[in-house]
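What follows is a set of notes on a single structure, which appears directly below.
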Amino acid sequence: EAGVAQSPRYKIIEKRQSVAFWCNPISGHATLYWYQQILGQGPKLLIQFQNNGVVDDSQLPKDRFSAERLKGVDSTLKIQPAKLEDSAVYLCASRPDLRYYNEQFFGPGTRLTVL
Amino acid sequence: AQSVAQPEDQVNVAEGNPLTVKCTYSVSGNPYLFWYVQYPNRGLQFLLKYITGDNLVKGSYGFEAEFNKSQTSFHLKKPSALVSDSALYFCAVRDYGNKLVFGAGTILRVKS
């Protein structure tokens with residue numbers, strides 16, 4: 001079974017530029033998550049999708065971050081404009097909805113450096 | 001809100017010795033607890049979870065975790081550490097809406 005795919009793996013941009021990350025979850029997983037992991041910290045949830053609807057985006061800085069999940073499969077996370085403090089690893093995860101206690105499966109992440 | 005705490009930034013152990021990585025939790029209701037491991041430049045890999053039942057949970061790569069309700073702890077253990085176990089370990093708790101709340105992580109260093 002293929003895992004969660006993310007691209008790009010690394011990205012370096014200047015502050016105030018825009019950037020987009022892509023995620024392809026495990027086939028059949030209805031729930032998709034984007035996390036931000038700042039160096040030295042645990043992952044923090046940014047947004048959660050159920051199929052193509054947003055379940056929770058309470059931690060998403062909506063003035064600069066946006067995310068979508070068209071057709072309930074792939075998802076993109078965008079930052080516009082980027083700030084220095086956005087430097088982090090952005091992790092995508094997906095989860096089957098068969099049981100409420102199912103674990104999440106994570107992709108390799110995208111490491112963003114904002115200069 | 002649900003939360004977990006990992007009191008140790010780093011744990012050092014000699015290869016072949018038992019290891020313990022600590023986690024305590026604070027929840028309202030029943031706790032659903034997870035351990036993940038992260039190797040450099042990799043995503044998080046699931047190790048094990050506690051939902052209900054036996055307090056000793058067995059997981060991947062020889063790891064196990066002991067759930068202790070009275071001490072609100074969920075410590076990760078392994079009887080004999082390997083150098084290849086060196087990584088960053090995260091404890092997490094399920095929050096409302098099937099979200100995960102993670103601890104800050106513990107670096108495990110196993111020396112030969």
Side-chain angles (χ1 to χ4, degrees), chain A residues 1-10 21 23-26 29-51 53-60 89-111 113, chain B residues 1-10 21-25 27 29-53 57 59-60 63 65 67 74 76 87-107:
Chain A
E1 180 182 71
V4 177
Q6 289 188 248
S7 67
R9 292 294 312 276
Y10 305 92
F21 312 129
C23 173
N24 185 14
I26 294 173
H29 284 194
T31 308
L32 185 148
Y33 308 81
W34 282 102
Y35 289 87
Q36 180 191 57
Q37 185 181 12
I38 293 173
L39 186 64
Q41 299 181 18
K44 184 186 80 172
L45 181 70
L46 291 175
I47 189 167
Q48 176 184 351
F49 291 94
Q50 178 80 15
N51 295 309
V54 175
V55 174
D56 185 345
D57 63 357
S58 59
Q59 303 270 55
L60 189 72
V89 176
Y90 291 85
L91 295 166
C92 179
S94 69
R95 177 183 167 278
D97 286 337
L98 299 175
R99 298 286 186 270
Y100 60 90
Y101 48 76
N102 280 135
E103 62 271 21
Q104 297 178 19
F105 295 84
F106 284 79
T110 297
R111 181 177 298 276
T113 302
Chain B
Q2 324 289 58
S3 66
V4 290
Q6 296 180 242
E8 302 157 317
D9 291 336
Q10 183 168 319
V21 183
K22 296 179 180 178
C23 173
T24 59
Y25 65 88
V27 302
N30 294 322
Y32 300 110
L33 299 159
F34 302 78
W35 275 101
Y36 283 83
V37 60
Q38 186 175 36
Y39 296 99
N41 300 315
R42 303 274 295 275
L44 277 70
Q45 296 179 31
F46 170 75
L47 281 178
L48 50 80
K49 63 186 175 188
Y50 173 81
I51 304 302
T52 187
V57 179
S60 306
F63 283 93
F67 173 74
F74 187 56
L76 182 70
L88 180 57
Y89 290 80
F90 289 100
C91 180
V93 62
R94 176 182 172 267
D95 200 355
Y96 306 108
N98 290 318
K99 298 177 292 188
L100 285 179
V101 176
F102 287 87
T106 299
I107 297 171

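The structure displayed is predicted, hence computed values, not measured ones. Residue numbering restarts at 1 for every chain, and letters A, B, ... go by the order of the sequence lines.
Neither the backbone nor the side chain of Gln6(B) has a heavy atom closer than 4.5 Å to any heavy atom of chain A. The contact between Asn41(B) and chain A is made by backbone and side chain atoms together, counting heavy-atom distances below 4.5 Å. In this structure, chain B has a heavy atom under 4.5 Å from the backbone of Gln41(A), while its side chain stays farther away. In this structure, the portion of Arg94(B) lying under 4.5 Å from any heavy atom of chain A is its side chain and not its backbone.
The closest side-chain heavy-atom distance from Lys49(B) to Asn102(A) is below 4.5 Å. Between Val55(A) and Lys99(B), every side-chain heavy-atom pair lies at or beyond the 4.5 Å cut-off. The shortest distance between side-chain heavy atoms of Tyr33(A) and Leu100(B) does not fall below 4.5 Å. Residues Phe90(B) and Pro43(A) meet the side-chain proximity criterion, which asks for heavy atoms closer than 4.5 Å. Under the 4.5 Å side-chain criterion, counting only non-hydrogen atoms from C-beta, Asn98(B) is not in contact with Thr31(A).
Nearest approach of Leu44(B) to Gln37(A), heavy atoms of both residues: CD1-OE1, 4.3 Å.
Between the OH atom of Tyr36(B) and the CZ atom of Phe106(A) there is a distance of 5.0 Å, given to the nearest 0.5 Å.
For CZ of Arg42(B), the number of neighbouring non-hydrogen atoms (other residues, nucleotides, ligands) closer than 6.0 Å is 12 at most.
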